[in-house]
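See structure below.
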Amino acid sequence: LALIGTADAFVAPAQQALSLTSRFGYVPEGLSAGDWAQRQAKEKAAKQANKKKYPFGAPQVLGVKEYLEQLADKQTFGRDS
């Protein structure tokens, strides 16, 4: 009979708790659902703005060859001045 009491520790969590999470979605503790939705929208807008600011494969990106050529042109030595 002593073993029956310890078996409760191995019982799966209630099915109702799992269905509530899947029905209403994840909301961090300490935030209301409205605050969490607002925060997610703000983060999504920031990601989209960042992608507009730095597009992938943008032609304005300076290649290594061009950078080194510009660097060589800018360099001055004591004898050049």
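Just so it is clear, the values below take in all heavy atoms, side chains as well, and ignore hydrogens, waters and symmetry mates. In this text, all values refer to a predicted model and were calculated from it rather than measured experimentally.
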Crowding at CD, E69 (>12 non-hydrogen neighbours, <6.0 Å): yes
Could you report the tightest heavy-atom contact between L31 and W36, atom names first, then the distance? CD1-CE3, 3.7 Å
Keeping to residues at least two apart or across chains, list the salt bridge (Lys or Arg N to Asp or Glu O under 4.0 Å) pairs with something in residues 34-43. R39-E43
To the closest 0.5 Å, what do you measure between NZ (K44) and CD (Q40)? 9.5 Å
